[in-house]
Every structure is written in C-alpha cells, then in structure tokens.
Amino acid sequence: MTALPTRRPTLLPLLAVAAAVVLALATQLAGTLPAAGPTGMDEPLLDAPLSGEDADAVAAGAVDPAVELGRARDDVTFWAGRVAADPSDIVAAVKLADADATEARLTGDVTAYTRALTAAEVALAAQPGYVPAQASKATVLVALHRFPEARDLARSILDRDPGNATALGVLGDASLELGDLARAGGAYQTLRLTAPGAASSVRDGRLAFVRGDPAGAVAADEAAVTAATADALEGDPLAFYHVTLGEMLLATGDETGARGAFEDALAVRADQPAALVGLAKLDAFDGDLDTAIARMDTALDAIPAPDWLARRSDLLVLRDGPGDADAAAADRATIEAIASLAGEAGSVYDRGLSIYLSDRGLEPERAVRLARDELAIRPDVYGYDTLAWALVNAGDAAAADAPMHDALAAGTRDARLWYHAGVIAAELGRAAEARTYLEDALALGPALDPVARARAEGVLGTLR
Amino acid sequence: MRPSNTGVPRLGLLAVAGLTLAVGASPLLVSGADHLDAPAAKADHRVDITDVYAFRSSSSQTTLVLNVDGLMSPTDSKTATFRTNALYELKVDKNHDGKADIAYRVRFGAAKTKSDGTKVQSYVVRRATGSLAVMNVWTGAVVAVGTTTPYKHSVRTASIAGGGAAFAGTRDDPFFFDLPGFVNFKEQLLGGSTALGDLLGGFTGADTFAGTNVLSIALRIPNDKLGGTGKSVGVWGTTSVARNGGWAQIDRMGRPAINTVFNGLLLPTSSVYNGLEKDAFNFQRPNADAGTTTGNVTTVLNAIGNVLTANGATAYTGGEVAAIASVLLPDELTLTLGSSAGFASGTSLGTLGLNGRKLGDDVIDAEFALLTNFVITTGDGVNANDATLSSSFPYLAGPH
C-alpha cells in the first residue's frame, strides 16, 4: 500500500487567512441570500395565555441557583457514567468536560476545572486531532490561568479551522492576559465577524476598557446584554452579561447604572454571587455596611472566592461591630488556607494574594515575589500594576515606577491603577502628578473600595 | 476512574477575571460535540439541526421531522426549550430547482414552568407558498396553533388546517451512529492513511446517541398539500435567528451528513480544512450547492477512491463521481410522496435507495456503501436505534 502524501496548507499568518475566508464568505452570502425583507417579527398568537392542563404553568422568573447547580451536577454524573463505561467515547468525554466546566462556573470550584481538563484530555488521548476536545481543553486552560498553553492550543486549532469560534475566543482571552493587545484585538475582530453576538461583544468591551475607552466598553457590554437577551439565554449565562455591564458601569463611576445592571442580574438568576458583590461595593460606597456585608455573606456562601473574602474582611473591620474583628480574622485565615491548599492550581491565586498582602501591608517580600512570579506568566496591564503596588508597599517606590509606567501604557482608565500611580508618584515626590492621579481615581466614586479611598484621601491630604 | 467530588477541598477561584472569562466563553462552549456541525450553528444548540426526516405515514399523508439540540442528557431534557426568537422551517421543493415552493414555518413563545419543573411553550405553524416560501421570513397562513409536549408528559398534537397534525417537544434521538468511530475514520483519511484496518478500526458498534434526546418538530401533512401523491419532491430543514431586523439562516440540512462528510476537510490532495466552509453551506440555499460543493464531493470521493485502489478494490470512475455529485447536490431529501421506500443501502449505484428518510433507516451504513463504491457494506456496526419507535404520530420514541 502506498500512503498518500500529507499536504498541509501554507501557514500564512493565521488571522489574515481567517479574515480572507470571512470576506469570501460574506461575498458569497451576498450573492445567495436576499436582503432582509419583511420579517413579521411579531406573533400575537404566541402571547396567548396557556390554559387547561397548563394552568399550573407560570412565567419563568429568576432561575433558582440550587436547581441550576443540581442540573449541572446531574449532567456531570450522566456523562461521567458514559465515559466510565467507554473511555474511547470522545463525544461523551467532551460533554463531560463541558459539564464539569459549567459546574466550576456555578461554584467557583477550581477542582471542577481540573476535572474538566482531565475529561478533555481523555478524549484527546483517544483522538488527538478531535477539535471539539481541543477547544474544550483550551477553554479550561484559560480558566486555570495557563495562558501560554491556551494561546498555543487555540492557534493550533485555528491552523486547521480558521473560523473556530471557541478557539478565537480563547486566543483573544489568553493574548489579553499575556499583554498582547494587538493579537487579542485581531482574534476578537475575527470572532465578531464569524460569530457575532453576546460572547463576542463582551470581549470587545473588556479590550476597549483596557485600551482606555470606557465609553466604548460600556457600549459593547450593553450590546452584549441586548444580544444575550435576544438569544433568550436564562439563568447564570444571562446574569453574567448583566454583571459584566454592571462592573463596567461601576468602573466608570456610574453608580445608578451599575446598581440597575446588578439588579437585572438578580432578576434572572437569584442570588447571583458576582451581582451581590457588585451591589455590596455600591452599598459600602453609600456607607451601608450592614447591607453590604449581608450581601457578601450570601455571595460567599455560594463561591468562597479569596478576593471576596478579603473584601468582606475589610468591611467587617470598617464596621467594627461586636464579633467583626474575629470574623475578619477568620476570613483572612481562610484566604491563607485556600492559597496554601491550591496545589498545582496555585498560580490561579498569585495575583490576588499579592494584592491582598500589599493592600494590607502584610509580608511585603512575599507580595513582591508573588507579583514577580505572576508577571512572568501573565504580563498584562494588571500584572505590571500588581508588581508596582507590591514594590511601593515594600518601601521601594523607585523600583515601582517602571512597572507602574508599563501598567499605564495602554491608557487604561481604571481607578485602582490611578490610585496606585498616585501613591507611587507621591512617594517619589512628584506631587502634581500624584494629585492628578488620586483626584481622578477618587472622582470615579464606587470604583475605588472604601479602604483604598481612605488611603487615597490620606495621601492626597498630605499633598495639599 | 474519575475522582469523586467528595473529600476534595472546595476552593474558590481567586480571580474574578478568571471566572469572567470562563463564563464569557460559555455560549461558545456548548459547541462541545454534536453532529460535527459548524461553529455558527453550534453557538446555540437550540437551533443546531441534527437531522431531517421525510417519510410516508399513510397512503395520502407524509410526515416531516426536524430535530435540533442533539446529545441532550435526560437532565437537560427536562427543561429544554425551543428558542423563542428563532424560525424553524421545513421546506419543500416541487420541481427540484433548489428553491422552496412550500415552507412550513414554526415559531415558539416564551417558556413557562409547570409545577413539576418541566417547561411548556406555545407554538404557531404557518404555511407559505411560491416566492414567499423561498425566503426565511415569518409569513404565510396560520395552519396550526399548539403547545409543546412537556418532558415525560403525554403526547400533545395540534390539528393542521386542511388536514394533518403538528407536534413539538423532547423526544428520543432516533439517529444511531458510532460518532467516535467516524471521527477516527476522518482523522485517518485526513492523515493520508489507506489502511482499511486503521480507517475502520475506530468503530466499536457503540451508538453515541443512545440514551440522549433531541427537540423535535413533526408535521403530518396531506400529500395534496405537498404536490400530490406520486410527486417527487425535495425536503430540507432550516433554522434562522432574528438578526438586524430580519431572519438570518444559520443552519440547513437535507440528506444526512452531507455537510459533515464533504465540507471542511483538509484532505491530502485538497484544500484547507475550514469550518467556515461548513457555515457557508448552512447559510445558503440548495440551488447554490452544486456551484459551491461539487468540487468537495469530487475530492472526497477521489480520496476514498485512492484508498480503495490501494486496497485492491475498484474506485468510482470519473463519470460515476460526477453522477454521484449531481445526485447528492442540491442537498435535498428527495421523496416520492406516497412511496414507502426509505433511505437504504443497495449493492450498487443502481440499487441504492434514496427515497426520503424514515426514522429507523440506517443512513450511515447506506452512505458508507455509497462513498466506498459498495466495498464497505458493514457500516459503523450500529444497526438500530436504542428506543422503540411509536406506531402513532409523531412516531418518535418518548424521551429518556
């Protein structure tokens, strides 16, 4: 038998190929489909009330988180059973990986992501070229903060399948985390052309914010909410887009808009943790610490995220009620425990832990080491910021200046970046620059948390 | 074995950014695996067509079935719903020009939750003819109004004006196929293998779709509404979503697996593996198929022909390849109304049966035989559905 020669396509620059294909596709479509004509979008008959045997049916309200999580776990059980029965069933293995990832998103349980990775790798062991398994693995790698691997795998998928929407999303996400804004922008642009919709718009929003265009970011996130609603998403997937919009509005200082977006999230998914945390930030800014802490309690019951624990511990210290000091100490102990238990997924926590330590003036050398380690694998805007913040809090403002400059280079209009830049400039005796940064940061209102606001105001006071 | 959930420390994700990114990917993540369709269709499984069926249900009536949302677990099935702002269509071509002459269109209302946690939706069926049938638009006369059958509830049907019945709801997926075996076959072929043992070695006879469900739309229609008994027609399904004030077609299917088998391949002697090629096929109308896809059909058949030749078997001649391409394109499920024949394998091109598609037809074995010049007649080793089909409309088995 004579094996046929394998011929791979010439590896032209990936995105250029994809863009050319998209253009060809658009040209082809223009020739085959008519322009949009009358659509008759309305159908009153669909709005008629149900009756008879459906008299018990009620309009869908906020999705119950317990029901949503129960469904996810049942799905994991179903597909795990299939894989256990036949490890060569690559379809079931990918479905299991996706089910595990869904559970991880609902619980914040990083071990569910590691299970998802295992499932994807089971499929790839049986069939290394199976693109859906590669795509699932790439997505999980991003979630586990293994960005270079995710980027490389996404590029490998796109070599074969230039329009693979999942791979385009992963390539953009990983590139953004690696500080490669140009590549991220290219990937997102192609994604927007090939798979327009909420998942594309929300990525455009994040990139716009990093590039210093908060108005563009808000517009993109609003478009994402519109698209997700039009797509009839429900539960956590829909709430995610409301929360993202809320966080963006909060970052721009729009307290009213942010509150509305977070409440919209809770209307479609009861007790959505990130929405509760967003509202808690606004409550704390308004001085309502009791409500803020109560919301944090509910959010942390669902997802014990260390940065949320840190936020609650700060609020407890600020409130200083009976038992608050002990509760805050318990939260801080939990943060340390989580970091030490993280094992191979420990790098997921390095950035947040460094910021946590720096914000509180704890273990400055450890904070710097964690920040340097993090920057080595994740050199984005916030990686430089984390190192600069660790250095200035370790007493080395001079060393902090360069990474802070790098953090600001993209023009990101983020209150925390400006707050850090202001503190560093003040330490270096550049009073005018410090005043500008700190005043700009404080002007964004709830975008700066109470502890940061207090310190920013204190430093600003010394400059006047 | 997979690790158990119990006993594992429950760790929170520190970086909200990580959570954000992961959830942000969720609408794309659903593309895990189904019938190997293209990215745009996979972006929303509720409009991702798995299969289309067209078969005689009596001497004077024909049943058309459009299935979407494949590989649903029983848990997912309980709350599965059709997409509200989507247009589901079954198209009929009476003169085989690749353009629809009749369209049955279905739309669904907002889902409501019953006391047992299942979902129910109202739906409306419209029938359009002539030039209005060609496009993807919500026009035509209302011929049926009904409600979906909630998961595990008794079958509900709605009467169609002028005769016939409509059904929509969760059903067992009647498709049976060893999908991992096919993926292996495809990978081996793309890698240049000509060894039959390698090409066929992945087939285990396990039905990937056993125990899983789909969302089904079934319409039983008098033949005189489709062109009349004895008339040869072409049938296909489409799904469209509301976009920019109109309806954008994002998926299409006639015969089984045409897009999967012939498009988006990086063959040793051919073009770039490209998911967008599959999307383009999904977006277009059948009348464009010959122009866009004949080359791919020829390439795939020739590549398989090389395998056959390497194994001492006879490949199709160039003329036969061209003839097959002209039969398979446009991608319509051709059916002689009133005929009880189905989509079945024969022993040669002359005996191959390509009349509609019945729910129990072993279409994969038939297509394998067709692709391999009837050398490989054992197919994928999966020869029947895992659930027993119903003898009454909608004929599909109840959900798992």
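Chain naming here is simple, since letters A, B, ... match the order of the sequence lines and numbering starts at 1 in each.
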Region of [X] in contact with chain A, defined by heavy-atom distances below 4.5 Å:
X        : result
B:Ala111 : backbone
B:Val145 : side chain
B:Lys119 : side chain
B:Val142 : side chain
B:Thr147 : side chain

_Residue, of B:Gly202, B:Pro150, B:Pro74, that accumulates the most heavy atom pairs under 4.5 Å with chain A_ = B:Pro74
*asked:* Is A:Glu53 in contact with chain B via its backbone, its side chain, both, or neither, using a 4.5 Å heavy-atom distance?
replied: both
*asked:* Can you tell whether the side chains of A:Asp380 and A:Arg351 come within less than 4.0 Å, N to carboxylate O?
replied: yes
*Is A:Asp54 salt-bridged to B:Lys112, going by a charged N under 4.0 Å from an acidic O?*
no
*asked:* Less than 6.0 angstrom from the centroid, inside 45 degrees of the normal: does B:Arg105 satisfy that with respect to the ring of B:Trp138?
replied: no
*When rounded to the nearest 0.5 angstrom, what distance separates OG1 in A:Thr102 from CZ in A:Arg105?*
4.5 Å
*Find the distance between CG (B:Leu71) and OG1 (B:Thr208) and round it off to the nearest 0.5 Å.*
7.5 Å
*Do other residues, nucleotides or ligands put more than 12 heavy atoms under 6.0 Å from the NZ atom of B:Lys114?*
yes
